[in-house]
**Student:** 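The structure is given below, and queries will be raised subsequently.
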Amino acid sequence: MEYGVLGKALEWGEMNWIENWETDRMMMVLLRTPFVVISEIISLLEPNEIVNASFCSKNLKSILKKHFRQRKPSKWRLFMRDCDSCGQVNIDKWECSRGVPVLSAKHILEQNESDHKLVETNGYKRDFSSEFPVLYFEDRVMGLKMIVEYATDLFNLDIYGLFIDTNGTWAINWINNRQEKMLECLWTVNPDYNSNVDEALDYVLRNARASDYFILEDNVSDNFRFNGKLGPIDYLYIPETGHWVTLQNLMNFDIVKIIIEESRLSVSDLNSFLRHWQAGGSHRLTFLELEFKNDMNFEFDEDLELVETGQTIDYLLSEGEIIQLNFGYSIQRMDGVKATISWKSLESRRFLMVVWHEGVQPIHQNNHIIYIHQEDLLE
């Protein structure tokens, strides 16, 4: 019976025509229900269902907040998104995706009142017609800040990741000022070139901080250049738009794993980078992948003292992603650390480098050996 009462209250959270006296009566029943029972039910709900329920009443919102303060969801991650003129909060429960939307903020001009009746509250309009609440504001940025504050307070979570286009760069400083914990990830989404992309990417590279990874999908101009430093971070991925990365950029990156597509670095640049690495530069680097648009004639200088290994090595880059280095060459740093480089793959359009720091572990799987860095194994 208690489960049915709460379930009924949650259904009411999605309806904007509830009579106040009915809500009060149901809340009185809920407040007499043991919290341990309510908490177990809450743990079965999806994040968007929890947000919908929180709009049912102040009392139910307080119950939900109490649950997440006593049982903080350690695996849940909260993402803030400002792309395509739409602000959104996503929650990921399984550490394997960008999550599902739980709240959205849009400009009031985007509403379509002919489709659904909207509830006006505290200066904004609210629509519960979808699987999660959509709030409409005169000032969309203010609205996005509001829903982020609402969700972080409800779930007792910091912002884990940020997804932005050129109009979302304001969020970088706002997040830095609102929470002590650094962002874990940053994802820029600007696949189509416009006059603001160059300036936006430069701002991101100079001001954004994230401890885990950067994914930069910015179709910048051919003339774009960045003369600063990036890092420390664990992982950088630039899909299809890596033409702007210069040799100096690569040497200045303080990054563990780097993947750059559409690179325009030359073989001469690669020779210079390998000398830089041999002398102790880029000392945290464990993996580098450069993909080129055209075939490359890889010829490396004799002073690098490359030694052909004659082996095919499987390297576990991330869960479920194995990189194969065919006919690799060994290169040694001045402190004795070795790396394997390979370029005989994808029609000679890809350069690979794996650095064999201490802690590399061989994993036996399906009658062959896969190598993995120990810190990745611990994750």
Side-chain angles (χ1 to χ4, degrees), residues 213 234-240 242-243 245-247 249-251 253 255-377:
Y213 64 86
D234 288 341
Y235 177 66
L236 170 67
Y237 177 37
I238 306 178
E240 299 183 1
H243 57 270
V245 178
T246 65
L247 170 63
N249 291 146
L250 191 61
M251 293 193 297
F253 287 161
I255 301 171
V256 177
K257 297 178 181 180
I258 301 173
I259 299 178
I260 301 173
E261 297 178 2
E262 297 291 317
S263 173
R264 293 183 182 176
L265 294 177
S266 66
V267 174
S268 176
D269 289 332
L270 294 181
N271 278 294
S272 297
F273 177 77
L274 291 175
R275 290 192 187 90
H276 155 83
W277 178 83
Q278 282 184 319
S282 304
H283 66 282
R284 295 203 313 134
L285 181 71
T286 63
F287 178 80
L288 172 64
E289 177 178 338
L290 301 173
E291 294 188 10
F292 303 90
K293 185 175 182 179
N294 301 312
D295 290 348
M296 300 285 287
N297 183 21
F298 292 104
E299 294 183 0
F300 291 95
D301 296 339
E302 292 184 3
D303 65 290
L304 294 173
E305 298 181 346
L306 303 182
V307 178
E308 188 170 2
T309 64
Q311 296 177 320
T312 296
I313 298 174
D314 288 334
Y315 172 70
L316 185 64
L317 176 63
S318 60
E319 185 176 354
E321 185 175 5
I322 297 175
I323 302 295
Q324 191 171 78
L325 290 82
N326 297 312
F327 309 105
Y329 287 75
S330 178
I331 183 172
Q332 185 166 314
R333 201 162 62 188
M334 60 185 299
D335 62 0
V337 172
K338 293 184 178 180
T340 299
I341 64 173
S342 174
W343 57 89
K344 296 181 179 179
S345 58
L346 288 181
E347 300 177 348
S348 298
R349 294 180 183 178
R350 182 164 68 163
F351 172 84
L352 299 170
M353 179 177 182
V354 176
V355 182
W356 305 113
H357 291 288
E358 291 184 10
V360 174
Q361 302 247 346
I363 305 297
H364 295 268
Q365 188 178 93
N366 298 329
N367 298 320
H368 69 284
I369 298 175
I370 300 173
Y371 291 91
I372 180 173
H373 282 94
Q374 188 171 17
E375 59 269 25
D376 296 328
L377 186 63

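All values below come from the heavy atoms of this structure, side chains included, with hydrogens, waters and symmetry mates left out. Keep in mind the model is a prediction, meaning the values are calculated, not measured.
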**Student:** Between Glu291 and Arg349, is the closest basic N to carboxylate O distance under 4.0 Å?
**Tutor:** no
**Student:** Any heavy-atom pair between the side chains of Val267 and Met296 that's under 4.5 Å?
**Tutor:** yes
**Student:** With under 30° as parallel and over 60° as perpendicular, where do the rings of Tyr315 and Trp356 fit, or are they tilted in between?
**Tutor:** perpendicular
**Student:** Does Leu304 form a side chain to side chain contact (heavy atoms under 4.5 Å, CB included) with Gln278? I'd like the steps, not just the answer.
**Tutor:** CA-CA 8 Å; Leu304 294 173; Gln278 282 184 319; 3.5 Å; yes
**Student:** Under 30°, 30 to 60°, or over 60°: which ring-plane class applies to Phe273 and His276, parallel, tilted or perpendicular?
**Tutor:** tilted
**Student:** Tell me, do Ile255 and Tyr235 make a side-chain contact under 4.5 Å, heavy atoms counted?
**Tutor:** no
**Student:** Assess the residue pair Leu352 and Leu288 against the criterion (side chain to side chain contact (heavy atoms under 4.5 Å, CB included)); give the C-alpha distance rounded to whole Å, side-chain angles, the decisive distance to 0.1 Å, and a yes or no.
**Tutor:** CA-CA 6 Å; Leu352 299 170; Leu288 172 64; over 6 Å; no
**Student:** So, applying ring pair (Phe, Tyr, Trp, His ring centres under 6.0 Å) with Tyr329, which one of Trp343, Phe298, Phe300 is it?
**Tutor:** Trp343
**Student:** Are Leu316 and Asp314 side-chain neighbours, meaning at least one heavy-atom pair lies under 4.5 Å?
**Tutor:** no
**Student:** Got a second to check how far Leu317's CG is from Ile323's CD1, nearest 0.5 Å?
**Tutor:** 5.0 Å
**Student:** Among all residues two or more places apart in sequence or in another chain, which pass the salt bridge (Lys or Arg N to Asp or Glu O under 4.0 Å) test with Arg275?
**Tutor:** Asp301, Asp303
**Student:** I need the minimum non-hydrogen distance between Met353 and Ala339, along with the two atoms involved.
**Tutor:** CE-CB, 4.0 Å
**Student:** Go through Ile313 and Gln324 one step at a time and tell me if the side chain to side chain contact (heavy atoms under 4.5 Å, CB included) criterion holds.
**Tutor:** CA-CA 6 Å; Ile313 298 174; Gln324 191 171 78; over 6 Å; no
**Student:** Out of Val355, Leu285, Asp234, Leu236, which residue meets the side-chain contact (heavy atoms from CB on, under 4.5 Å) rule with Val256?
**Tutor:** Asp234
**Student:** Supply the atom-to-atom distance Leu290 CG to Leu250 CG, rounded to the nearest 0.5 angstrom.
**Tutor:** 6.5 Å
**Student:** Rounded to the nearest 0.5 Å, what's the gap from CH2 on Trp277 to CD on Gln332? Could you check?
**Tutor:** 8.0 Å
**Student:** Scan for salt bridge (charged side-chain N to carboxylate O under 4.0 Å, His left out) pairs involving residues 258-269, sequence neighbours excluded, and state none if there are none.
**Tutor:** Asp222-Arg264
**Student:** For the residue pair Gly328 and Ser342, what are the closest heavy atoms and their distance?
**Tutor:** CA-CB, 4.3 Å
**Student:** Could you pull out the closest heavy-atom pair between Lys338 and Ser330, with the gap in Å?
**Tutor:** CD-OG, 4.0 Å
**Student:** Between Ile259 and Phe287, is there a side-chain heavy-atom distance shorter than 4.5 Å?
**Tutor:** yes
**Student:** Yes or no on side chain to side chain contact (heavy atoms under 4.5 Å, CB included) for Phe327 and Thr309, after CA distance, side-chain angles and deciding distance?
**Tutor:** CA-CA 7 Å; Phe327 309 105; Thr309 64; over 6 Å; no
**Student:** Does one side chain, of Ser268 or Asn271, offer a donor that lies under 3.5 Å from an acceptor on the other?
**Tutor:** no
**Student:** Side chains of Thr286 and His357, heavy atoms from C-beta outward: is any pair under 4.5 Å?
**Tutor:** yes
**Student:** Atom OG of Ser263 and atom CZ of Arg350: how far apart are they, to the nearest 0.5 Å?
**Tutor:** 13.5 Å
